Amino acid sequence: MKTLFGIVAAVTIVLLAAPAYAGIQGRATGKVLDSAGKPVEGVTLTVTTPGLRNFKLSVTTKKDGSYGFIVNDATLLYDVKFEKEGYRPIGLGKQKLSTIEVTTFPNQTMLKTSEAPAGVAGAAPAKQAPPSASEQAAVAYNAAVDLLNAGDKAGAEAKLKEAVAKNPDLPQAWNALATVAYENKEYAQALEYGQKALDLDPTETGLYGIMTDSAEKSGDKTAAAEWRKKYEETHADSPEILYNKGVDAYNKGKMKDAEATLQKVVEAKPDFAMAHYLLGMTSFNLNKKAQAREHLQKYLDLEPNGKEAATVKEILPLTK
């Protein structure tokens with residue numbers, strides 16, 4: 001059978017950075033009491049972490065003042081804040097949860113706003129110390145996350161810039177800024193912000209895709225190649241990288257290698273239209289007509305007006 005080599009050279013497919021929730025779960029419990037030792041119901045606990053861009057958990061204390069929450073990655077540090085109208089807020093600061101057993105926090109005593117701090121009978125309520133620059137940065141960052149989730153990129157960008165102005169050592173904020181700049185097609189800024197995030201935290205490897213594409217679109221082929229290499233090294237098993245390997249094998253006429261690689265791609269990502277197309281073409285070259293028909297038809301189902309639709313329609317009758 002005549003082979004059909006019509007696939008262009010491999011094109012790297014990059015992914016935007018996404019929040020990673022992988023890790024070992026952690027659980028925490030505790031109680032909130034008033035100054036008389038009675039339980040306080042309806043206290044809102046807000047749990048955040050600078051380690052996850054979109055993470056914000058809220059729970060409320062029960063009638064007996066108890067609460068509990070679960071996080072998906074106990075390797076991170078978490079900020080826990082207690083708030084209720086009419087009471088002084090409490091912040092626990094950075095907390096590490098056990099990865100083995102339930103973490104039980106000490107009982108928290110919430111004072112009413114009219115109450116004097118313990119040991120100062122009759123004293124006026126103490127003034128709270130103004131929030132530190134790092135705390136202000138965290139507040140701005142959390143506000144940015146809320147705005148991003150609501151689709152307000154402009155508002156989120158302003159808050160992120162406020163966050164890094166208050167605390168330049170916040171890699172998550174620089175990461176988010178890089179993502180927003182990339183989505184706005186501001187590739188030079190995406191590279192600048194992404195580099196700052198990676199300088200602060202080299203584990204932010206989800207940025208490699210953005211850095212690759214931003215360098216490519218900025219015309220810096222050398223930098224793009226370097227970032228692409230890093231991306232491929234850290235995402236070797238991703239459907240996108242496997243797809244590129246399948247393209248390379250196909251273009252070299254290594255049909256069996258291409259078939260094995262592309263099969264992994266569609267198993268991992270069933271809606272990857274181009275992978276179905278290329279697997280269909282590979283199967284056709286291997287004279288596996290039923291398999292070729294299955295994947296070429298799947299391509300049409302996913303992208304009926306795709307750039308390869310005309311080619312597929314020409315090949316399908318030959319697979320019967």
Side-chain angles (χ1 to χ4, degrees), residues 1-19 148-154 179-187 190 206 208-219 221 224 227-228 231-232 235 237-320:
M1 172 179 286
K2 183 180 180 180
T3 56
L4 301 174
F5 298 114
I7 305 301
V8 297
V11 177
T12 299
I13 298 174
V14 297
L15 298 178
L16 298 184
L148 281 173
N149 289 335
D152 183 358
K153 286 196 292 186
T179 302
V180 171
Y182 176 80
E183 291 173 353
N184 289 337
K185 299 183 179 180
E186 298 168 347
Y187 300 118
Y208 289 164
I210 287 177
M211 302 298 278
T212 301
D213 206 39
S214 295
E216 189 79 41
K217 289 183 167 66
S218 296
K221 303 297 183 183
W227 286 115
R228 181 177 293 111
Y231 181 86
E232 292 177 353
H235 298 76
D237 295 328
S238 74
E240 290 73 26
I241 296 302
L242 289 173
Y243 169 74
N244 289 336
K245 290 179 179 178
V247 172
D248 185 57
Y250 183 93
N251 287 336
K252 291 177 179 177
K254 298 178 180 180
M255 294 298 154
K256 289 188 177 180
D257 290 345
E259 179 187 36
T261 301
L262 292 165
Q263 189 62 48
K264 293 178 182 178
V265 176
V266 298
E267 288 172 359
K269 192 173 182 179
D271 61 350
F272 198 150
M274 280 301 295
H276 282 288
Y277 168 70
L278 188 54
L279 182 53
M281 296 295 287
T282 300
S283 300
F284 187 78
N285 279 283
L286 290 170
N287 201 26
K288 296 181 178 181
K289 293 184 177 181
Q291 184 172 311
R293 183 167 59 252
E294 174 191 350
H295 291 290
L296 292 173
Q297 185 59 56
K298 183 65 174 178
Y299 170 82
L300 279 183
D301 292 343
L302 291 167
E303 292 190 6
N305 299 311
K307 65 179 182 178
E308 304 297 345
T311 301
V312 170
K313 290 174 183 177
E314 290 181 9
I315 301 297
L316 275 175
L318 303 177
T319 64
K320 294 181 180 177

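What you are looking at is a predicted structure, and each value in this text was computed from that prediction instead of being measured. For the single chain, residues carry numbers from 1 onward in sequence order.
Inter-residue side-chain proximity for Lys313 and Leu300 is flagged as met; some heavy-atom pair is nearer than 4.5 Å. Looking at Lys217 and Lys185, their side chains never come closer than 4.5 Å, going by heavy atoms from C-beta outward. Between Glu308 and Met281, the closest side-chain pair of non-hydrogen atoms is not below 4.5 Å. Contact of the Leu296 side chain with the Leu279 side chain is not registered, since no non-hydrogen atoms from C-beta on lie closer than 4.5 Å. Counting heavy atoms from C-beta outward, Tyr299 and Met274 have side chains that approach closer than 4.5 Å. Counting heavy atoms from C-beta on, the side chains of Lys320 and Lys289 never come closer than 4.5 Å.
The two residues Tyr231 and Gly209 come nearest to each other via the heavy atoms CD1-N, 3.3 Å. Nearest approach of Lys298 to Pro270, heavy atoms of both residues: CE-O, 3.8 Å. The minimum heavy-atom distance linking Met255 with Leu286 is given by the pair CB-CD2, 3.5 Å. Listed here is the closest heavy atom pair of Ala190 and Ile210: CB-CG2, 4.4 Å. When all heavy atoms of Ser283 and Gln291 are compared, the pair lying nearest together is OG-NE2, 2.8 Å. Between Thr319 and Ala292, the closest heavy-atom pair is CG2-CB, 4.1 Å.
Going from atom OG1 of Thr261 over to atom NZ of Lys256 covers 14.0 Å, rounded to the nearest 0.5 Å. Between atom CD1 of residue Ile241 and atom NZ of residue Lys245 there is a gap of 7.5 Å, rounded to the nearest 0.5 Å. A distance of 8.5 Å separates OH of Tyr187 from OG of Ser218, quoted to the nearest 0.5 Å. Here the CG atom belonging to Leu318 is positioned 4.5 Å from the CZ atom belonging to Phe284, to the nearest 0.5 angstrom.
By the neighbour-count criterion of 12 heavy atoms within 6.0 Å, atom NZ of Lys153 is densely surrounded, having more than that number from other residues, nucleotides or ligands.
When Tyr277, Phe272, Tyr250 are each tested for a ring pair (Phe, Tyr, Trp, His ring centres under 6.0 Å) with Tyr243, only one passes: Phe272.
Ring pair His295/His276 is parallel by interplanar angle, where below 30° counts as parallel and above 60° as perpendicular.
Side chains of Gln297 and Asp301: a donor-acceptor N/O pair is present below 3.5 angstrom, by distance only.
Judged by distance alone, with hydrogens and angles left aside, the side-chain atoms of Thr212 form a donor-acceptor pair with the main-chain N or O of Arg228 at under 3.5 Å.
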Query raised in the report: Hey, mind stepping through Leu262 and Leu242 against side-chain contact (heavy atoms from CB on, under 4.5 Å) and telling me if it holds?
Result: CA-CA 7 Å; Leu262 292 165; Leu242 289 173; over 6 Å; no
